[in-house]
Structure formats: C-alpha cells, structure tokens
Q: 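My structure is below; once you've seen it, I'll send some questions.
Basis for what follows: all heavy atoms, side chains included, without hydrogens, waters or symmetry-related copies. Within every chain, numbering begins at 1; the chains are lettered A, B, ... in the order of the sequence lines, protein sequences first and strands thereafter.
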Amino acid sequence: MVPCARPGDCINRIPTECAMRLSRYFLPTLKETPREAEIVSHRLMLRAGLVRQEAAGIYSWLPFGKKVLDKICAIIREEQDRSGAIELLMPTLQPAELWMESGRYEAYGAEMLRVTDRHERPMLYGPTNEEMITAIFRSAVRSYKNLPLNLYHIQWKVRDEVRPRFGTMRSREFLMKDAYSFDLDADAARAAYNRMFIAYLRTFDRLGLKSIPMRADTGPIGGDLSHEFIILADTGESAVFCDQALLDLPVPGADTDFRGELDSIVAPFLSGYAATEEMHDQAAFEAEVPQERRIAARGIEVGHIFYFGTKYSDPMKAVVTGPDGADVPVHMGSYGIGPTRLVPAIIEASHDDGGIIWPASVAPFDVGLISMRAGDPACDAACETLETELANTGLDVLYDDTDARGGAKFAQMDLIGLPKQVIIGPKGLAAGEAEIKDRATGERTMVPLGGVVSALTA
RNA sequence: CGGGGUAUAGCGCAGCCUGGUAGCGCACCUGCUUUGGGAGCAGGGGGUCGCAGGUUCAAAUCCUGCUGCCCCGACCA
C-alpha cells in the first residue's frame with residue numbers, strides 16, 4: 001500500500017494522490033437500482049456508492065462521492081482564486097436579525113428553515129449569504145480604495161424545498177460556492193461580473209462540461225447582467241434554446257489577464273441567442289439564428305451570476321467614501337455554483353449503459369487496477385508493483401485486490417467509471433503484458449508490463 | 001400544497017383479492033469446485049410485514065387514522 005498525505009481543511013480536503021485497495025475501502029455498490037431513483041444520475045449515484053439518502057432531499061456523501069465533490073470544489077477554488085476572488089467561510093446558522101434588516105426574513109417564506117436557540121433567539125439555516133457578507137463588508141471596509149473586492153465561500157446551504165427530487169440535483173441541503181462582489185459603481189461592477197463570467201466558463205470547461213451562458217431574469221434590477229450557466233442534458237429541468245455558434249466558441253485560457261480589459265472576451269458569449277424557456281422569444285430566435293444552427297434542447301442550470309446593484313448595500317448601509325469624499329452604497333453582485341448539483345449534472349452528461357464515465361478532472365480515482373486472480377503470487381506481485389509505480393507518478397489508483405470473479409470486477413469497474421482500467425491476469429502475465437482499457441471508448445490495448453505507466457501518462 | 005403511487009430481510013420483489021403465524025432472487029457467512037464480462041453445488045444466518053388503533057378464536061392479508069418515501073404539477077441553485 002502506498003501511503004498518502006492527508007492534508008485538508010474543515011469542509012473539503014485537498015485532493016491527494018494515493019493508492020487504495022478495494023478490500024480495505026468503503027465502496028458499497030449496488031447491482032440493482034433502488035426503487036426511489038428515477039433519473040439516470042440518481043440511479044448511478046446510488047448504485048456506484050456515491051451517496052446515501054437520509055431523508056427526502058438530505059444525503060450522506062460516501063467516500064467515493066466525497067472524493068468527486070472535493071475534486072469539483074478544488075477546481076472551483078482554483079478558478080475563483082485565479083479571477084481574484086478571495087475565500088472565506090461563513091456559518092450555516094445565521095441570526096434572523098440580519099435578515100430582518102434586509103427585509104428578506106418575512107419575504108423568504110417557508111423555504112427558509114427557521115430555528116430557535118435556547119435563549120429563544122430566532123435563527124435560521126442560511127439559504128444564501130448576501131446579508132451576512134454585506135454585514136462583514138460594512139464592518140471592515142470604509143474606502144473606495146479597498147475596492148474592488150470579491151469574497152466567496154463554499155458552504156452548505158439549506159432550502160426547505162416543497163418537493164426535493166432527482167437525488168442531489170434538487171436537495172434541501174446542498175453545497176454552494178457563492179461569491180459576492182463589491183464595487184464603487186455600476187461600471188466597476190460590470191468588470192467584476194465579467195471576471196466571474198470568465199471564471200465560470202473556465203470552471204465548467206475543466207469539469208468536462210460544455211456550458212452555455214443564458215440570459216436570465218434580472219427581476220426588479222433590470223439590465224442585462226444576469227446569466228444562468230446551462231449544460232445540455234436530455235433530463236434537464238428546463239427547455240433551452242440557443243445558437244450552435246455559442247457551443248463552438250473557445251473557452252478563455254488560463255493566461256487570461258483578469259486585471260485587464262474583459263468586455264471583448266465576454267462579448268461573443270453575450271451576442272448569440274441563448275435563453276431558457278422563461279426568457280425565450282421564438283420569433284427573435286428564428287430571426288436571429290439560421291435554422292441549421294438552432295438548438296432546442298433541455299438543460300441543467302449549474303451556475304447563476306447576477307448583478308443587483310445596491311439592493312442590500314442600501315438598506316444595510318454598506319457604504320464607502322468615494323474619491324469626492326461622499327459616502328455611496330457599494331454595487332454588488334453574487335455568483336453561485338452548486339457542487340452537489342454538478343455531480344449529477346456531470347453524470348447526466350457522461351454515462352452509458354454500463355455506468356458512469358467520469359471526466360478525468362473529477363474522477364474519484366484516475367486508474368482502476370484489476371487483479372484477475374487475487375491470491376495468485378504472480379498476479380499479486382505484478383499488481384503491487386504497478387500500484388506503487390502508478391501512485392509514484394501521481395496517479396490515484398484503486399486496486400481491486402478482492403477475490404471476486406473477473407466478470408463481476410469488470411462490471412463494477414465500469415459502473416464506478418474510472419477513466420482507465422489496468423487488467424492483470426495470468427494470461428497476459430504469461431506474455432509479460434497488461435491490458436489497458438479506456439472507459440469512455442471501451443478500447444482495450446495490450447502493453448508490456450513495463451510500459452503501463454508511460455501508456456497511462458502519455 | 002393539489003393529484004397519483006408505494007411501504008414485507010441490506011437491495012429488488014412475491015404473498016394481500018379469497019385471514020391460519022412469511023417466501024423468492026441478489027447480497028452476506030461456511031465448505032468444495034471454479035476463475036477474462038455480475039460462477040456452480042451443498043449448508044447457514046438475518047424480518048416487531050412503516051406506525052397506532054379496531055374487527056376476529058386467529059391479521060402481512062379486512063376496517064379506521066397517521067407517517068415516511070417516490071412520481072406529475074405549482075415553485076426553485
């Protein structure tokens with residue numbers, strides 16, 4: 001067994017490379033589909049041992065699911081940080097007082113889970129954090145010189161949904177990355193919006209998803225600064241309409257200068273037609289998009305960004321002193337991504353009859369190593385050598401050292417969807433070879449034992 | 001919150017109509033034989049039949065009430 005360091009913080013571990021043996025792991029997979037699961041991602045998440053339902057819309061994340069969640073969060077963090085946002089962590093429990101100040105305590109309704117503490121003080125499980133972040137901001141920032149500022153956290157949220165459904169796609173307790181930007185005026189806020197816009201395009205691209213920004217309802221604020229990021233999937237919750245050209249646009253690179261001019265980078269994504277059913281205008285769609293480029297499909301919302309000006313800074317008095325010496329309420333925006341929703345979204349977008357097909361960037365392990373004959377000295381030795389070699393090259397390896405039969409191992413390995421499988425059996429060993437299978441394509445190739453590592457890292 | 005389902009072993013199900021003290025497959029444990037796409041044989045363990053009342057000599061089964069969960073709708077990251 002290859003030891004691995006286990007650094008981590010209070011909510012999400014930093015993913016680390018290491019080897020794990022299936023005989024010692026906790027991976028409760030199911031051959032049959034639990035009755036309650038309807039859509040494919042929910043079925044596969046239960047069957048592949050990612051989650052366990054505790055109550056309607058409440059889930060435990062089992063080790064496999066936790067690993068995927070951590071990898072998703074790590075990518076989100078990297079792209080948030082790259083764009084200049086700064087991470088903090090706010091609590092799940094909030095005093096009702098803050099929400100009374102913004103006026104949303106009454107407005108939020110039954111979706112807000114309210115509790116009372118032992119001192120009879122009204123509290124609530126946070127469905128979002130605009131009020132709290134505004135309170136944090138106003139307590140510390142006085143001058144326009146401290147702007148722009150974008151603070152984010154990744155934290156569990158609670159919305160007591162009337163009808164949770166589709167597994168973790170629509171749960172009552174869910175993980176959310178929410179960022180909040182603070183700027184002196186609307187122009188600066190637009191620049192902040194652009195930074196998040198690009199960070200989101202990059203984040204979803206790295207998660208193996210093709211995301212399409214779509215104009216969303218801006219509510220009473222108006223303007224064009226609200227977008228939902230949608231990925232296409234047959235089981236998507238809403239109908240979406242867009243121009244094929246948007247799907248073909250290149251995603252901004254890692255070398256994007258987030259302190260530079262971004263309007264020109266964002267502009268192409270704003271120009272093409274793209275709308276969810278609530279915003280859809282069939283006449284405009286047909287007028288703007290040539291028939292052969294019209295896409296009418298279903299989509300899953302995986303992110304939402306919007307600018308809301310002084311909606312919270314006004315009532316909550318989050319003001320800074322401007323260059324002219326006058327106090328002005330800051331212009332704010334908020335930017336959400338749901339990691340616990342991204343897991344099923346990725347599965348909806350990437351699976352086959354055999355199970356999940358993880359994009360390499362979020363796979364719980366990079367490689368599944370299958371011993372066809374556990375207990376056979378030659379197989380054991382070859383597997384242990386490979387296990388060490390692969391882990392030493394930085395690959396995360398799940399070694400199936402159990403004495404199950406080949407067929408059962410293949411089926412389980414396909415179900416859990418690791419990108420690559422390395423199969424070691426007496427047959428191949430006699431020729432000094434291992435078999436490598438690509439989960440996505442199903443392609444199998446025989447390679448010399450000594451060439452496995454280079455074949456996988458090429 | 002309206003409509004429709006459903007609840008029996010860890011999972012998937014039968015039994016209920018026509019009451020007689022619970023069964024099948026998978027999984028699990030033991031042994032033997034097997035071993036490249038969810039093995040075979042033999043033996044074994046595991047269930048207050050969602051909960052509470054009621055009818056009856058007797059209730060998984062019939063009656064009443066409640067609850068959990070799922071699906072459709074409205075709502076939403």
Side-chain angles (χ1 to χ4, degrees), chain A residues 28-39 42-43 46-47 49 52-58 76 108-112 126-129 154-179 200 216-217 219 226-231 236-238 276 278 299-306 334-345 353-355 370-376 379 400 402-416 421-431 433-435 437 442 444 446:
Chain A
T29 57
L30 304 170
K31 196 146 63 167
E32 292 176 285
T33 303
R35 184 175 32 188
E36 73 262 20
E38 186 73 11
I39 64 169
H42 190 194
R43 289 203 298 259
L46 293 169
R47 287 193 54 210
R52 194 183 97 95
Q53 179 169 322
E54 303 297 351
I58 310 279
I76 291 172
Y108 220 94
E111 277 201 2
M112 177 183 280
T128 177
N129 287 71
I154 299 178
Q155 176 63 291
W156 293 96
K157 305 287 189 296
V158 171
R159 292 183 193 171
D160 196 2
E161 295 274 352
V162 197
R163 189 186 158 210
R165 67 183 108 172
F166 304 147
T168 65
M169 187 83 82
R170 181 79 175 276
S171 49
R172 290 196 286 174
E173 184 184 53
F174 56 97
L175 199 57
M176 185 156 98
K177 183 288 299 182
D178 40 329
Y200 274 37
D217 191 0
S226 178
H227 285 85
E228 293 180 356
F229 285 72
I230 302 282
I231 64 156
E237 62 211 325
S238 57
T276 59
E278 303 84 48
I300 300 172
E301 181 185 347
V302 289
H304 195 161
I305 62 179
F306 53 94
S334 77
Y335 316 87
I337 294 180
T340 46
R341 157 174 279 205
L342 274 164
V343 176
D353 289 345
I370 293 178
S371 171
M372 293 301 295
R373 196 73 59 87
D376 174 79
C379 280
D400 184 350
T402 65
D403 60 2
R405 300 167 65 85
K409 293 192 178 198
F410 291 141
Q412 186 183 35
M413 201 56 87
D414 284 351
L415 171 65
I416 65 177
Q421 300 171 12
V422 175
I423 301 150
I424 300 294
K427 236 185 256 179
L429 281 187
E433 292 182 323
E435 182 177 335
K437 176 180 161 181
R444 305 146 167 274
M446 298 302 295

Q: Donor-acceptor check, side chain of A:Lys409 to backbone of A:Met372, threshold 3.5 angstrom: yes or no?
A: no
Q: Round to the nearest Å and state the distance from A:Glu161 atom CD to B:C75 atom P.
A: 13 Å
Q: I'd like the P distance from B:C76 over to B:C29, given in whole Å.
A: 49 Å
Q: For the P atoms, the ones on B:A27 and on B:A60, what distance do you get once it is rounded to whole angstrom?
A: 30 Å
Q: Tell me: NZ of A:Lys31 to P of B:G10, nearest whole Å?
A: 18 Å
Q: Which base sits across from B:G31 as a Watson-Crick or G-U pair, both distances under 3.5 Å?
A: B:C41
Q: From CD1 of A:Ile58 over to P of B:C70, roughly how many Å is that when rounded to an integer?
A: 11 Å
Q: Supply the atom-to-atom distance A:Arg170 CZ to A:Glu161 CD, rounded to the nearest 0.5 angstrom.
A: 4.0 Å
Q: The side chain of A:Val162 is closest to which nucleotide in this list: B:C13, B:C1, B:C72?
A: B:C1
Q: Ring-on-base stacking between A:Phe410 and B:G38, under 5.5 Å between centres and under 30° between planes: is it there?
A: no
Q: For a quick check of understanding: with a heavy-atom distance under 4.0 Å over all strands, which category does A:Gly336 fall into, base, sugar-phosphate or nothing?
A: nothing
Q: Using a cut-off of 4.0 Å on non-hydrogen atoms, how would the nucleic acid contact of A:Asp414 be classed: base, sugar-phosphate, or nothing?
A: base
Q: For a quick test of reading the model, state the closest non-hydrogen atom pair linking A:Phe306 to A:Ser226 and the distance between them.
A: CB-OG, 3.4 Å
Q: In whole Å, what is the span from the CD1 atom of A:Ile300 to the P atom of B:C76?
A: 18 Å
Q: How many Å lie between CE on A:Met112 and P on B:C76, as a whole number?
A: 15 Å
Q: In whole angstrom, give me the gap between the P atoms of B:G45 and B:A39.
A: 25 Å
Q: If I pick the P atom on B:A14 and the same atom on B:A58, what distance separates them, to the nearest angstrom?
A: 30 Å
Q: What distance separates A:Ser238 OG from A:Ile230 CD1, expressed to the nearest 0.5 Å?
A: 5.0 Å
Q: Return no unless some side-chain N or O of A:Arg165 is found under 4.0 Å from OP1 or OP2 of B:G73.
A: yes
Q: Output the single nucleotide from B:A77, B:G38, B:C13 whose closest atom is nearest the side chain of A:Leu415.
A: B:G38
Q: Backbone N or O of A:Tyr335 within a donor-acceptor pair of the A:Tyr200 side chain at under 3.5 Å?
A: yes
Q: How many Å lie between CD on A:Glu111 and C1' on B:C1, as a whole number?
A: 13 Å
Q: When you measure from the side-chain N and O atoms of A:Arg163 to the phosphate of B:A74, is any distance below 4.0 Å, counting only OP1 and OP2?
A: no
Q: With heavy atoms under 4.0 Å as the rule, sort A:Thr340 into base, sugar-phosphate or nothing.
A: nothing
Q: Looking across every strand, which nucleic acid part, if any, lies under 4.0 Å from A:Gly407 by heavy atom: base, sugar-phosphate, or nothing?
A: sugar-phosphate
Q: Who does B:U67 pair with, Watson-Crick or G-U, both distances under 3.5 Å?
A: B:A7
Q: Please confirm whether any donor atom in the side chain of A:Arg170 sits under 3.5 Å from an acceptor in the base of B:C75, or the reverse.
A: yes
Q: When all nucleic acid strands are considered with a 4.0 Å heavy-atom cut-off, which category describes A:Lys437: base, sugar-phosphate, or nothing?
A: base
Q: Roughly how far apart, to the nearest Å, are B:U21 and B:U48 at atom C1'?
A: 13 Å
Q: Please give, in whole Å, the distance from B:C76 P to A:Tyr108 OH?
A: 10 Å
Q: Base, sugar-phosphate or nothing for A:Ile370? Non-hydrogen atoms, less than 4.0 Å.
A: nothing
Q: When you measure from the side chain of A:Phe166, which nucleotide among B:C71, B:C11, B:C76 comes out closest?
A: B:C71
Q: Under 4.0 Å, heavy atoms only, any strand: does A:Thr168 hit a base, just the sugar-phosphate, or nothing?
A: nothing
Q: From the options B:G38, B:G12, B:C76, select the nucleotide whose nearest atom is closest to the side chain of A:Ala408.
A: B:G38
Q: Determine the interatomic distance between C1' on B:C62 and the same-named atom on B:C16; round to the nearest Å.
A: 10 Å
Q: Within the 4.0 Å heavy-atom criterion, would you say A:Gly303 contacts the bases, only the backbone, or no part of the nucleic acid?
A: nothing
Q: Give me the distance, rounded to whole Å, that separates B:G10 from B:G5 when you measure between the C1' atoms they each carry.
A: 24 Å
Q: What's the gap between B:U34 and B:A42 when it is taken at their C1' atoms, as a whole Å value?
A: 15 Å
Q: Nearest heavy atom decides the nucleotide; on that basis, is A:Arg47 or A:Met176 closer to the 5' end of RNA chain B?
A: A:Arg47
Q: Spell out, as yes or no, whether a donor-acceptor pair under 3.5 Å connects the side chain of A:Thr340 to the backbone of A:Phe174.
A: no
Q: More 5' along RNA chain B: A:Glu32 or A:Pro164, using each one's nearest nucleotide?
A: A:Glu32
Q: Do side-chain atoms of A:Arg341 reach the backbone of A:Glu301 as a donor and acceptor pair under 3.5 angstrom?
A: yes
Q: Just verifying a value: how many Å separate A:Arg159 CZ and A:Arg172 CZ, rounded to the nearest 0.5 Å?
A: 14.5 Å
Q: Checking only heavy atoms, does the side chain of A:Arg35 share a donor-acceptor pair with the base of B:U6 at less than 3.5 Å?
A: no
Q: Need the pair for B:C1. Rule: Watson-Crick or G-U wobble, both distances under 3.5 Å, any strand; none if unpaired.
A: B:G73
Q: Can you check whether A:Gln53 has a side-chain N or O nearer than 4.0 Å to OP1 or OP2 of B:C70?
A: yes
Q: Rounded off to whole Å, could you give me the CD-to-P distance for the A:Glu38 and B:C72 pair?
A: 6 Å
